[in-house]
Peer 1: 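Let me begin by handing over the structure; questions about it come next.
Note that this is a predicted model, so its numbers are computed, not measured.
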Amino acid sequence: MIRACRIAVLILLSATTCLMAGKGTVDFCETRVFLEETGKADVAYTVRYRVLSGELHGFYFGGQDRLTIERMFTAQSYALDAGGRRYGLETTRLADNRWDIILANGQGVSQGHVTYMFFFRTDFSSAGYLASTTTADGRTLAVFNWAPTQWDEAGSMDHYTLTLHTPHVLPGVPNIPAYVSNNRLVLTEPWVNKQYLIDYRRDDKGRLAILFHKNKPGNRYHMRVQLYLPLEWFPALKALADGEREPDETATQDQGTASRQQPASDISEYFSSLYRSPEFLIGAGLLALLSFLLAWAKWRSLLAARRGLKDILWQDIEWTSPRLVVSDLTKKGKIAKDLTPIEAAFYLGIPVKRIISALLAAWQADGRLRILSESPLKVKPLTCAPAGDPHGATLFNAFVDDGELSQTELDGLAGDVVRAIREKAWDADVEATRAWYEARIDKTLKPYIGTAQEEQSSGPRAASEHDGMLPLANRWFLWNRIRTWQDEHDGDWEDESDWADDEGLDGDADDGESPESPEVLPDQALAEHLETTAVSEPFALENDIQLNAENMVNAATDASLASDLSFCHSACHAACHSACHSACHSACHSACHSACHSACHSACVSGGSH
């Protein structure tokens, strides 16, 4: 009986911990692999959790498959909350190569978000994720075939980024993507090119860094990459491929030692026998009875509190989930029709560097500036800034002082565009607005499509539902040129009032369909202008813009404003509704669920915030 009481106390302590623990969802994850010539590497994870309920302490990290964490750099690992407060981290090795990562000294965060940054040492070569291979034409290469962990609780994950820092030190070349391409240094599988946005950079130690980026990956996304590098970058692999040495068994022996230190089978057998013991069943029964008594007492106190709510003006409000409130702020069918051409390009998802390249090409064709050099990019303005789109004037003026575009100037431009879109489209229907702008672009281009086709170079055509039309970025480029010409010549073949009429702005558009646009009449002067100022490659300068644009996101889908509006509602909801629900649910459900969850669920993926 004494043992049963002890077990009941232990279970009660576990249940109390569960009641105090929080729950979060993953906002994003960024992984860096600093790969060395030996095949060993330091791996850095940056993962942000947004607090959903309770007080968030940490999460379970696993899903490494054959990759063994040799050492966790706890002293260098840390976390930051939304207010910029820094926390130390405590890392505990569990069974099956899993780790419990929590804020140090029992600290927790109850609102906002927490960004965890942790580092560990591992060996990709011994795990088989880095190996030598031979191509069909007899060329020996090193293949890197790996995926970072899959994250649970990541249904609303914004992006997943993997950066591979190779041991290759770059020479002093200005155009890194061109250097990699011309020397065939990196080869990727076709599905890798299809799945990810890829960029090549120089890291702070001068080494080649390869970035793979995935927007909106979804829950438990498998961020696998497979690429081929020169075998000469890894002398140990090359010697093994040439038969000069035997495979290194040190890592295998270390893994065996680690397994003996943490025998997963013994732990599983212990808990299995514990759950079947009479003492555990008696203890669980005592805990269930105690939970029922606590929940009953809490229910009685809430009834008393409810009687006192009659004097509060909120008593007739029917509370709903804050998540639903945020979603309701978007009006189905509402279209933001007053975006400028550059804002529309951001909204349509056209890359920032591609937008800048298109604008520079158009301005050079119109005689507004002259491109002095491409690598590095340097231009000479010949006229004043163009009228019309204020963001275009901002970009043009950025080149006036020194002929170059700095990172600060790019960030300022993107920030202005993001804020403008947020003000105009914060409650607009994203898909309906995108479809509306594509329809407007196509309608405008129809009278000039012959000239447009001749003006553009023949590149690979992206899959599109607009048969016979150019890819979206090319169509936007031509539409922007037409709109600019109209602004400068006071054209009247497309009435601006029709772009911002009241139809569809009140959320009552007919089944989300966009209204008909005015007829577009061809203009001979405009057609001649397009022919005489033809631009064969509007995106030729895209790779010459050596600036960081990876964090430029589509502000139209940013729900931060909606989240701010629902903050007061969320606070009241959490205080009133969740108190009753959590008291009953957590006491009964969490005690049994958490024990099984941490033992079984987290073995394959990372997550399980607590």
Peer 1: For side-chain contact (heavy atoms from CB on, under 4.5 Å), just list the numbers for Glu90 and Leu103, CA-CA rounded to whole Å, side-chain angles, deciding distance to a tenth of an Å, and then say yes or no.
Peer 2: CA-CA 6 Å; Glu90 294 177 0; Leu103 303 180; over 6 Å; no
Peer 1: Judged by modelled atom types alone, do His57 and Gln107 share a side-chain donor-acceptor pair under 3.5 Å?
Peer 2: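 On atom types as modelled, these side chains do not qualify, holding no pair under 3.5 Å.
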Peer 1: What distance do Cys29 atom SG and Met157 atom CE have between them, rounded to the nearest 0.5 Å?
Peer 2: 5.0 Å
Peer 1: Does any donor atom in the side chain of Thr74 or Thr91 lie under 3.5 Å from an acceptor atom in the other side chain?
Peer 2: yes
Peer 1: Whether Arg354 engages the ring of Phe539 as a cation-pi pair (distance to the six-membered ring centre under 6.0 angstrom, angle to the ring normal within 45°) should be assessed.
Peer 2: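 Yes, a cation-pi geometry holds between Arg354 and Phe539.
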Peer 1: Is any side-chain heavy atom of Thr122 closer than 4.5 Å to a side-chain heavy atom of Lys40?
Peer 2: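 With C-beta onward as the side chain, the pair stays apart.
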Peer 1: Are Arg66 and Tyr129 in a cation-pi contact, defined as NZ or CZ under 6.0 Å from the six-membered ring centre and within 45° of the axis?
Peer 2: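 Judged by the rule (NZ or CZ under 6.0 Å from the ring centre, within 45° of its axis), Arg66 counts as positioned above Tyr129.
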Peer 1: Do Phe399 and Leu369 have side chains that approach each other closer than 4.5 Å (heavy atoms only, starting at C-beta)?
Peer 2: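 Side chain of Phe399 against side chain of Leu369, heavy atoms only: no contact under 4.5 Å found.
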Peer 1: Checking Lys378 against Glu404 for the salt bridge (charged side-chain N to carboxylate O under 4.0 Å, His left out) test, could you report, in this order, the C-alpha distance in whole Å, the side-chain angles of both residues, the deciding distance, and whether it holds?
Peer 2: CA-CA 5 Å; Lys378 194 173 184 65; Glu404 298 178 354; 3.7 Å; yes
Peer 1: Would you sort out whether Glu232 and Lys238 count as a salt bridge (charged side-chain N to carboxylate O under 4.0 Å, His left out), showing the intermediate values?
Peer 2: CA-CA 6 Å; Glu232 291 74 16; Lys238 188 175 187 305; 5.2 Å; no
Peer 1: Between Phe119, Phe118, Trp99, which is the residue that forms a ring-ring contact (aromatic ring centres under 6.0 Å, His included) with Phe61?
Peer 2: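 Testing each of Phe119, Phe118, Trp99 against Phe61, the sole residue satisfying ring-ring contact (aromatic ring centres under 6.0 Å, His included) is Phe118.
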Peer 1: Measure the spacing between CE of Met117 and CZ of Arg48 and express it to the nearest 0.5 Å.
Peer 2: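 Between Met117 CE and Arg48 CZ, I get 8.5 Å after rounding to 0.5 Å.
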Peer 1: State whether a side-chain donor-acceptor pair under 3.5 Å links Glu30 with Tyr160.
Peer 2: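 Tyr160 and Glu30 do not have a side-chain donor-acceptor pair below 3.5 Å.
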Peer 1: Would you mind reporting whether Phe120 and Tyr45 have side-chain heavy atoms less than 4.5 Å apart?
Peer 2: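 Result yes, sub-4.5 Å side-chain heavy-atom pair found.
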Peer 1: So, taking the atom named CG in Asn215 and the one named CZ in Phe28, what distance separates them when rounded to the nearest 0.5 Å?
Peer 2: 13.0 Å
Peer 1: Might you point out which heavy atoms bring Thr25 and Ser156 nearest each other, and give the distance in Å?
Peer 2: OG1-OG, 3.6 Å
Peer 1: Taking it one step at a time, do Arg201 and Asp203 satisfy salt bridge (charged side-chain N to carboxylate O under 4.0 Å, His left out)?
Peer 2: CA-CA 6 Å; Arg201 301 176 178 179; Asp203 67 11; over 6 Å; no
Peer 1: Evaluate the criterion side-chain contact (heavy atoms from CB on, under 4.5 Å) for residue pair Arg207 and Arg202; output intermediate values, then yes/no.
Peer 2: CA-CA 6 Å; Arg207 298 171 300 187; Arg202 187 194 310 270; over 6 Å; no
Peer 1: Would you mind reporting whether Asp42 and Leu35 have side-chain heavy atoms less than 4.5 Å apart?
Peer 2: no
Peer 1: Counting C-beta onward and ignoring hydrogens, is there a side-chain heavy-atom pair between Leu227 and Ile210 closer than 4.5 Å?
Peer 2: yes
Peer 1: Ignoring hydrogens and angles, state whether a donor on the side chain of Thr92 or Asp100 is under 3.5 Å from an acceptor on the partner side chain.
Peer 2: no
Peer 1: Does the distance from a Lys or Arg side-chain N to an Asp or Glu carboxylate O, for Lys194 and Glu189, drop under 4.0 Å?
Peer 2: no
Peer 1: As an exercise, state the distance from OG1 of Thr163 to CG of Leu211, rounded to the nearest 0.5 Å.
Peer 2: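 It is 4.0 Å, given to the nearest 0.5 Å.
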Peer 1: Is the gap between the ring centers of Tyr87 and Tyr78 under 6.0 Å?
Peer 2: no
Peer 1: On the 0 to 90° scale, with breaks at 30° and 60°, tag the Tyr116-Phe59 ring pair as parallel, tilted or perpendicular.
Peer 2: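 Tyr116 and Phe59: perpendicular rings.
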Peer 1: Kindly give the heavy-atom pair with the smallest separation between Ile545 and Ser357, and that separation in Å.
Peer 2: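 Where Ile545 meets Ser357 most closely, the heavy atoms are CD1-N, 4.2 Å.
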Peer 1: Going from CG on Asp199 to OG1 on Thr161, what distance comes out if it is rounded to the nearest 0.5 angstrom?
Peer 2: 11.0 Å
Peer 1: So, taking the atom named CD1 in Ile342 and the one named CZ in Phe346, what distance separates them when rounded to the nearest 0.5 Å?
Peer 2: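 Rounded to the nearest 0.5 Å, the CD1-CZ separation comes out at 8.0 Å.
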Peer 1: Looking at Gln150 and Tyr221, what are the two nearest heavy atoms and their distance?
Peer 2: CG-O, 3.5 Å
Peer 1: What pair of heavy atoms forms the shortest contact from Tyr196 to His222, and how long is it?
Peer 2: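 Reported closest heavy-atom pair: OH-O, 3.9 Å.
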Peer 1: Do Leu541 and Ile371 come close enough that some side-chain heavy atom pair is under 4.5 Å?
Peer 2: yes
Peer 1: Under a plain distance cut-off of 3.5 Å, with no hydrogens placed, do Glu153 and Ser609 share a side-chain donor-acceptor pair?
Peer 2: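 Checked: Ser609/Glu153 side chains pair up, N/O donor to acceptor below 3.5 Å.
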Peer 1: Give the ring-plane orientation class for Phe396 versus Trp363, where under 30° counts as parallel, over 60° as perpendicular and anything between as tilted.
Peer 2: perpendicular
